[in-house]
Q: 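Questions regarding the structure given below will be posed in turn.
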There are 2 protein chains.
Amino acid sequence: MKSPSSQPRDRGIPEATVARLPLYLRALHGMGERGITTVSSEDLAVAAGVNSAKLRKDLSHLGSYGTRGVGYDVEYLVYQISRELGLTQDWAVAIVGVGNLGRALANYGGFVSRGFRVAALVDADPEVVGDTIAGLNVEHIDELEAVIKRRGVSIVVLATPAAAAQKVCDRVIAVGVTSILNFAPVVLSVPESVDVRKVDLSIELQILAFHEQRKAGGPLMAVDGQ
Amino acid sequence: MKSPSSQPRDRGIPEATVARLPLYLRALHGMGERGITTVSSEDLAVAAGVNSAKLRKDLSHLGSYGTRGVGYDVEYLVYQISRELGLTQDWAVAIVGVGNLGRALANYGGFVSRGFRVAALVDADPEVVGDTIAGLNVEHIDELEAVIKRRGVSIVVLATPAAAAQKVCDRVIAVGVTSILNFAPVVLSVPESVDVRKVDLSIELQILAFHEQRKAGGPLMAVDGQ
DNA sequence: ATCCCTTTGTGAACCGATGCACAAAGTCGG
DNA sequence: CCGACTTTGTGCATCGGTTCACAAAGGGAT
Ligand SMILES: NC(=O)c1ccc[n+]([C@@H]2O[C@H](COP(=O)([O-])OP(=O)(O)OC[C@H]3O[C@@H](n4cnc5c(N)ncnc54)[C@H](O)[C@@H]3O)[C@@H](O)[C@H]2O)c1
Ligand SMILES: NC(=O)c1ccc[n+]([C@@H]2O[C@H](COP(=O)([O-])OP(=O)(O)OC[C@H]3O[C@@H](n4cnc5c(N)ncnc54)[C@H](O)[C@@H]3O)[C@@H](O)[C@H]2O)c1
């Protein structure tokens, strides 16, 4: 049953909007630090690099938090967006695969700043297991399930080689994890109920190369006949 | 007779398609290595994690390279996609900011595997400048313009702190770079003609948190009135 | 050569997202 | 208290992208 009248805000926020909320949040934090207390949709849109109509429509999905003729209260909007994104609680993140990338992630401060806490590091290599990285002990992959339960991990970051990713993925899902951030260049197969987001550097570069080639070749490029 | 005019393929490939081509390419490489010579849209779609109608429409933008009743020739399709993406030439990439992340990227093998070559590392920290990382000498940021020209860099990866990103960005654009991959959590301001792609880990986590919260709270969650 | 079977390539309906443009809502100065 | 001004919130047209569904193309068997 829907309860259209009783809820102040729409429960179905478009995916595209969700993806932009963190952007607004970042811009708002910057403004808050610079002492700005109120901001118009136009100014915030510029700071976030989007169109102001889009920004207003995005915010309207959360509720009606602006004041016409004035704009939005920075602090209040930060709170509303944070709450909507679930950043008022903190999330325990496990990083599986503590190689080049996993280490960089573990040492990254920007994580913690927004309600995310690296709660566990897990690796298969006996050389690495037992090391302390970013103040955390690296645990053995055999302990994966135990560690996830013990630390209350709800988001898993996969930074293992591609070949190991699916297996690790299956295991964490089996113990109830439903949110995965995957850096390995493989298509993970997961149940409908699990969210996977992927970051693939190589794909980003290939997209850049495509456009770069267009620019370089441009209208004058001799397109080889075959 | 395939190409009656000299332009066999459509020059306007949808952005969404471009973003998926690398995915197909990866799946095709895997198949090639496993000795598969021919693949149907259905099988390739499964391997790439997309819908087969979408895959066929995507490929149709490059030309008509399939055989009805049979499928696509793996090797030939790899070649066509590679060419379309501009991967038949190799691209010199510079990494600016050789900290946690920059180092991980520099040491990453997956770069080279697809026509990308890390041609330069640049940093501002005197501690780091002069070090050899992944076989490359780290150069000083003062040399940025000279290095980019000398090495023929056409793609720049930004892995500096957020505060330094815009300045570096302006400088590389000034010497003709038009493709940038940005890891710093800032909105870069660039001319129309420059392509910027961003990778923001923190945003990915926030999106996961949003959905995680929904799942956890689910239909039973007591939505607090405020 | 003909028929049957498989699979492509694509027209058309559909869907979500974008951006314009403006009425409604609120502020602020007088 | 009023009227001018600012800025929000949204209806609506539009657009790019997805999906369905099928005619046309080609291969292989007989
Ligand atoms: N480094 C980068 O810049 C980069 C960029 C894009 C993608 N990636 C991808 O990220 C992943 C990690 O890259 P990397 O450069 O850190 O590689 P890496 O080899 O340095 O690290 C991989 C780590 O995973 C561990 N591991 C292997 N099998 C495991 C298992 N079954 N369970 C747990 N841990 C296991 C290894 O011991 C190692 O420590 C790879 O899939 C890579 O393709 C890396
Ligand atoms: N490490 C991660 O996992 C991670 C994840 C997401 C985003 N990021 C972002 O990536 C960027 C780099 O992160 P990091 O963890 O490697 O930081 P880091 O501090 O380890 O490295 C930054 C490097 O940039 C160099 N630098 C500073 N100013 C410079 C300048 N003007 N020109 C050239 N080099 C300069 C520093 O000397 C340092 O070596 C940051 O913006 C960070 O927010 C990092």
Side-chain angles (χ1 to χ4, degrees), chain A residues 4 7-24 27-28 31 36-74 76-77 80-81 84 192 207 210-211, chain B residues 1-4 8-21 23-24 28 31 36-74 76-77 80-81 84 192 207 210-211:
Chain A
Q7 291 312 326
R9 49 191 165 279
D10 187 351
R11 295 277 93 193
I13 297 183
E15 200 48 40
T17 295
V18 172
R20 281 187 297 266
L21 291 178
L23 227 54
Y24 305 152
L28 286 165
M31 290 172 168
I36 297 169
T37 60
T38 283
V39 67
S40 70
S41 62
E42 184 56 39
D43 290 353
L44 182 52
V46 169
V50 304
N51 167 309
S52 73
K54 181 150 58 180
L55 180 134
R56 286 197 300 277
K57 187 152 288 183
D58 283 344
L59 295 184
S60 77
H61 289 293
L62 316 194
S64 193
Y65 298 137
T67 306
R68 291 169 193 235
V70 176
Y72 301 88
D73 182 86
V74 172
Y76 185 56
L77 197 51
Q80 290 299 343
I81 296 178
E84 194 64 45
E192 180 101 15
I207 296 171
F210 170 82
H211 292 293
Chain B
M1 175 59 96
K2 275 255 184 80
S3 48
R9 51 198 163 275
D10 187 352
R11 295 278 93 195
I13 297 182
E15 199 50 39
T17 295
V18 173
R20 281 187 297 265
L21 290 178
L23 227 53
Y24 305 151
L28 286 165
M31 289 172 169
I36 298 169
T37 59
T38 284
V39 67
S40 70
S41 63
E42 184 56 38
D43 290 353
L44 182 52
V46 168
V50 303
N51 167 307
S52 74
K54 181 148 59 179
L55 180 134
R56 286 198 299 279
K57 186 150 286 185
D58 283 343
L59 294 184
S60 77
H61 290 293
L62 316 193
S64 193
Y65 298 135
T67 305
R68 290 167 193 237
V70 177
Y72 301 87
D73 181 86
V74 171
Y76 186 56
L77 197 51
Q80 289 299 342
I81 296 178
E84 193 63 43
E192 181 101 14
I207 296 171
F210 171 82
H211 292 294

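Throughout, a chain's letter reflects where its sequence line sits, starting with A, and its residues are numbered from 1.
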Q: Go through the steps to decide whether B:T38 and B:V74 satisfy the test side chain to side chain contact (heavy atoms under 4.5 Å, CB included), and finish with yes or no.
A: CA-CA 5 Å; B:T38 284; B:V74 171; 5.7 Å; no

Q: State, yes or no, whether a side-chain contact exists between B:H61 and B:E84 at a heavy-atom distance under 4.5 Å.
A: no

Q: Which nucleotides of nucleotides 9-19 of chain C have their base under 4.0 Å from a protein heavy atom (B), which only their sugar-phosphate (S), and which neither (-), written as one string 5' to 3'?
A: BBBB----SSB

Q: Please list, chain by chain and in numerical order, all residues satisfying salt bridge (Lys or Arg N to Asp or Glu O under 4.0 Å) with B:R56, sequence neighbours excluded.
A: none

Q: Nearest-Å distance, CG (A:D73) to P (C:dT27)?
A: 13 Å

Q: Please find the earliest and latest nucleotides of DNA chain D, in the 5' to 3' direction, that have an atom within less than 4.0 Å of any heavy atom of chain B.
A: D:dG17 to D:dG27

Q: Name the residue from B:V50, B:T17, B:D43 that meets the side chain to side chain contact (heavy atoms under 4.5 Å, CB included) definition with B:L55.
A: B:V50

Q: Determine whether the aromatic ring centres of A:Y76 and A:Y65 lie less than 6.0 Å apart.
A: yes

Q: Any heavy-atom pair between the side chains of B:Y24 and B:L77 that's under 4.5 Å?
A: no

Q: Does the side chain to side chain contact (heavy atoms under 4.5 Å, CB included) test come out yes or no for B:I207 and A:E15, once each step is laid out?
A: CA-CA 9 Å; B:I207 296 171; A:E15 200 48 40; 3.9 Å; yes

Q: If I take atom NE2 from residue A:H211 and atom CD1 from residue B:I13, how far apart are they, to the nearest 0.5 angstrom?
A: 10.0 Å

